[in-house]
Colleague: 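Have a look at this one before I ask anything.
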Number of protein chains: 2
Amino acid sequence: MASNSEIALKKTRNNLLISIGSRIQKLRENKGFSQVDLAARMLGKFDTTNISRIESGRTNPTIFTLYRIANALEVSIKELMEFEALE
Amino acid sequence: MASNSEIALKKTRNNLLISIGSRIQKLRENKGFSQVDLAARMLGKFDTTNISRIESGRTNPTIFTLYRIANALEVSIKELMEFEALE
DNA sequence: GTTCTTAATGCCATATATGACAAGTTGGTA
DNA sequence: TACCAACTTGTCATATATGGCATTAAGAAC
């Protein structure tokens, strides 16, 4: 069974992932890129499927993935991290 | 066989991971924490083994892991990302 | 109606992050 | 010498990020 702290940790994780996903989506749309555009601009291969999953907070991306996303969006990782945390 | 761009991508990844690992180590040592201390301060479970691997750039941590590390080090994720890029 | 773009979602395979533990190393201190 | 703390490294299992592809849905055009 899941303890209260495990549930709280999962909520913290979900809030983080949703915040970052929203941040990415916002930056992407400000640039006028589609998810396909963004994946195409990234270093190496990256599947549009995963862009969708990251933007909606369904996966927990690695720092290298976020680095490549930031690069494709022409912002620094620091700028990518300027999101408002959900409670 | 690995193409030139695959090799370049791997080098980019390694440089990123080493930069972030060094940044974490520096912040940790400034706080006077051992790796055991840091792992103990993190939300949820985290193994000291993995602290070592992250600090030396041998693994590609997820954003949630970095979030928990930042939290344990009492800095924001943005501050954690203030590292000097290699090369 | 159809067609096109965009995005979401489901499934499967592979690579790897992490958990967990044992063993080795290094530096200090006695 | 021995001991101890901090760290590294190896191995294995499990969870999951990502690659890849098919399908679905919604909206905008025509």
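The chains referred to below are lettered A, B, ... by the order of the sequence lines, with proteins before strands, and numbering in each begins at 1. What you see is a predicted model; the values in this text were computed from it and never measured.
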Colleague: Calculate, to the nearest 0.5 Å, the distance between atoms CG and NZ belonging to A/L9 and B/K45 respectively.
Modeller: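 With rounding to 0.5 Å, CG (A/L9) is 11.5 Å from NZ (B/K45).
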Colleague: If only atom types and distance count, is the side chain of B/R28 paired as donor or acceptor with the main-chain N or O of B/L73 below 3.5 Å?
Modeller: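 Side chain of B/R28 to backbone of B/L73, a donor-acceptor pair under 3.5 Å: no, none is there.
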Colleague: Could you check B/V75, B/I69, B/I51 and say which one makes a side-chain contact (heavy atoms from CB on, under 4.5 Å) with B/I24?
Modeller: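 That would be B/I69; it is the only one of B/V75, B/I69, B/I51 passing the side-chain contact (heavy atoms from CB on, under 4.5 Å) with B/I24.
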Colleague: Nearest whole Å is fine: how far is D/dA15 P from A/R13 CZ?
Modeller: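 For the pair A/R13 CZ and D/dA15 P, the rounded distance is 13 Å.
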Colleague: To the nearest Å, how far apart are B/E55 CD and D/dC7 P?
Modeller: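 Roughly 7 Å, once rounded to whole Å.
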Colleague: How many whole angstroms separate atom CG of A/L9 from atom P of C/dT18?
Modeller: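 In whole Å, C/dT18 P and A/L9 CG are 13 Å from each other.
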Colleague: Indicate whether the side chain of B/E79 and that of B/S76 have a donor and an acceptor atom separated by less than 3.5 Å.
Modeller: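 Yes, B/S76 and B/E79 have a side-chain donor paired with an acceptor closer than 3.5 Å.
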Colleague: I need the CZ-C1' distance between A/F64 and D/dT16, as an integer number of Å.
Modeller: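 For the pair A/F64 CZ and D/dT16 C1', the rounded distance is 18 Å.
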Colleague: Residues in salt bridge (Lys or Arg N to Asp or Glu O under 4.0 Å) with A/E84, at least two apart?
Modeller: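 Salt bridge (Lys or Arg N to Asp or Glu O under 4.0 Å) check on A/E84 returns nothing, list empty.
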Colleague: Roughly how bent is the helix from C/dG1-D/dC30 to C/dA30-D/dT1 end to end, in steps of 10 degrees, with each end axis from five pairs?
Modeller: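 That helix has its two terminal axes inclined by roughly 30°.
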Colleague: Rounded to whole Å, please give me the gap between CG in A/D37 and P in C/dT6.
Modeller: 7 Å
Colleague: Rounded to the nearest 0.5 Å, how far does CG of B/L38 lie from CD of B/Q25?
Modeller: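 That separation rounds to 11.0 Å.
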Colleague: Less than 3.5 Å apart, any donor N or O on the side chain of B/T12 or B/N15 sitting next to an acceptor on the other?
Modeller: no
Colleague: Which residue, B/S34 or B/N60, contacts DNA chain D at a nucleotide closer to its 5' end, judged by nearest heavy atom?
Modeller: B/S34
Colleague: Tell me: CD of A/E6 to C1' of C/dG19, nearest whole Å?
Modeller: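 These atoms are roughly 14 Å apart.
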Colleague: Between the side chain of A/E55 and the main-chain N/O of A/S52, is any donor-acceptor distance below 3.5 Å?
Modeller: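 Answer holds: no.
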Colleague: Please say which of A/L80, A/N60, A/I54 ends up in a side-chain contact (heavy atoms from CB on, under 4.5 Å) with B/I63.
Modeller: A/N60
Colleague: Could you check how far CD of A/Q25 sits from P of C/dT6, rounded to whole Å?
Modeller: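 A/Q25 atom CD is separated from C/dT6 atom P by 15 Å.
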Colleague: Give every pair of a protein N or O atom and an N or O atom of nucleotides 20-29 of chain C that lie under 3.5 Å apart, one pair per line with the distance.
Modeller:
unit_1, atom_1, unit_2, atom_2, d
C/dA20, OP1, B/K45, NZ, 3.3
C/dA20, N6, B/R53, NH2, 3.1
C/dC21, N4, B/T49, OG1, 2.8

Colleague: Nearest to the B/I54 side chain among D/dT18, C/dT18, D/dT8, which nucleotide is it?
Modeller: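 Output: C/dT18.
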Colleague: If the cut-off is 4.0 Å, is B/R58 near the phosphate of C/dT18, judged by side-chain N/O to OP1 or OP2?
Modeller: no
Colleague: From OH of A/Y67 over to C1' of D/dT18, roughly how many Å is that when rounded to an integer?
Modeller: 19 Å
Colleague: Can you see if the side chain of B/S52 gets near the phosphate of D/dT8 - specifically, an N or O under 4.0 Å from OP1 or OP2?
Modeller: yes
Colleague: With a 4.0 Å cutoff (strictly under), does any side-chain N or O of B/T62 reach OP1 or OP2 of C/dT18?
Modeller: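 Yes, within the criterion.
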